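Note sheet for the following structure.
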Amino acid sequence: QVQLVESGGGLVQAGGSLRLSCAASGRTFSSYAMGWFRQAPGKEREFVAVIRWRGDSTYYADSVKGRFTISGDNAKNTVYLQMSTLKPEDTAVYYCAADSRGTSFGYLVSQYAYEYWGQGTQVTVSS
């Protein structure tokens with residue numbers, strides 16, 4: 001059984017920063033890519049960012065581009081999300097996810113590309 005555990009969420013004022021972490025534990029597996037999604041109350045889960053370990057390719061949602069940075073350690077199946085210049089509209093539960101099947105890069109913006117999910121961590125940005 002693979003488990004992903006997020007940490008680092010919390011309450012921050014608009015303009016502030018937070019760093020989310022996600023670590024895999026349990027059965028040893030090799031991830032192909034790891035991503036972050038978020039879900040605000042009453043809204044659908046949406047893609048935030050992804051990192052594919054081969055070539056360290058990254059991709060971001062337009063809404064966070066230039067403000068968020070995804071990074072990680074492939075060997076440890078650990079991924080981070082550095083969030084800066086946070087806005088109230090960034091308020092959501094943030095989930096990390098892992099893909100071990102080698103999904104095509106373009107499809108990694110879809111939540112259905114990922115087999116493993118964390119339980120989520122709340123990020124609240126006050127105005």
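Quick note: numbers below take in every heavy atom, side chains included, and nothing from hydrogens, waters or symmetry partners. None of these values were measured; they are calculated from a predicted model.
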> For Lys65, which residues count as a side-chain hydrogen bond (donor to acceptor under 3.5 Å, both in side chains) partner, sequence neighbours excluded?
Replying inline: Asp62
> Roughly how far, to the nearest 0.5 Å, is CG of Leu20 from CZ of Phe68?
Replying inline: 8.0 Å
>> Could you walk me through whether Gln119 and Glu6 satisfy the side-chain contact (heavy atoms from CB on, under 4.5 Å) test, starting with their C-alpha distance in whole Å, then the side-chain angles of each, then the deciding distance to 0.1 Å, before giving a yes or no?
In response: CA-CA 7 Å; Gln119 81 290 347; Glu6 303 100 334; 2.9 Å; yes
> Val79 and Leu4: same hydrophobic cluster, using ILVMFWY side-chain contacts below 4.5 Å?
Replying inline: yes
> Of all residues at least two apart in sequence or in a different chain, which pass the side chain to side chain contact (heavy atoms under 4.5 Å, CB included) check with Val125?
Replying inline: Val12, Ala14, Leu86, Pro88, Asp90, Thr91, Val123
>> Set out, in order, the CA-CA distance, both residues' side-chain angles and the distance that settles side-chain contact (heavy atoms from CB on, under 4.5 Å) for Trp117 and Gln111, then state yes or no.
In response: CA-CA 10 Å; Trp117 289 85; Gln111 60 179 314; 3.7 Å; yes
> Nearest 0.5 Å, what's the CH2-OH distance between Trp36 and Tyr94?
Replying inline: 10.0 Å
>> Enumerate the disulfide bond (SG atoms under 2.5 Å apart) contacts for residues 17-127, please, sequence neighbours excluded, ordered by first and then second residue.
In response: Cys22-Cys96
>> With side-chain hydrogen bond (donor to acceptor under 3.5 Å, both in side chains) as the rule and sequence neighbours excluded, what pairs involving residues 78-89 come up?
In response: none
>> Holding to side-chain hydrogen bond (donor to acceptor under 3.5 Å, both in side chains), I want the full list of residues that pass it with Gln39, two or more places apart in sequence or in another chain.
In response: none
>> Ignoring hydrogens, what is the shortest heavy-atom contact between Leu18 and Gly8? Give both atom names and the distance.
In response: CD2-O, 3.8 Å
>> Which residues pass the salt bridge (charged side-chain N to carboxylate O under 4.0 Å, His left out) test with Arg101, not counting sequence neighbours?
In response: Asp99, Glu115
>> Between Leu81 and Leu108, is there shared hydrophobic-cluster membership here, with clusters defined by ILVMFWY side-chain heavy atoms closer than 4.5 Å?
In response: no
>> Checking Tyr59 now: which residues fulfil side-chain hydrogen bond (donor to acceptor under 3.5 Å, both in side chains) with it, not counting sequence neighbours?
In response: none
Compile the donor-acceptor pairs under 3.5 Å between side chains in residues 45-53 and protein atoms, sequence neighbours left out, one pair per line.
residue : atom : partner : partner atom : Å
Glu46   : OE2  : Arg38   : NE           : 2.6
Glu46   : OE2  : Arg38   : NH2          : 3.1
Arg52   : NH1  : Tyr32   : OH           : 3.2
Trp53   : NE1  : Ser31   : OG           : 2.8
Trp53   : NE1  : Asn74   : OD1          : 3.4

>> Side-chain heavy atoms under 4.5 Å apart, restricted to Ile/Leu/Val/Met/Phe/Trp/Tyr: what other residues fall into the cluster of Tyr107, or is it alone?
In response: Tyr112
> Distance from Gln1 atom CD to Ser25 atom OG, nearest 0.5 Å?
Replying inline: 9.5 Å
>> Please determine whether residues Val109 and Tyr114 belong to a single hydrophobic cluster, defined as Ile, Leu, Val, Met, Phe, Trp and Tyr linked transitively by side-chain heavy-atom distances below 4.5 Å.
In response: yes
> What residues, two or more places apart in sequence or in another chain, satisfy side-chain hydrogen bond (donor to acceptor under 3.5 Å, both in side chains) together with Thr124?
Replying inline: Gln122
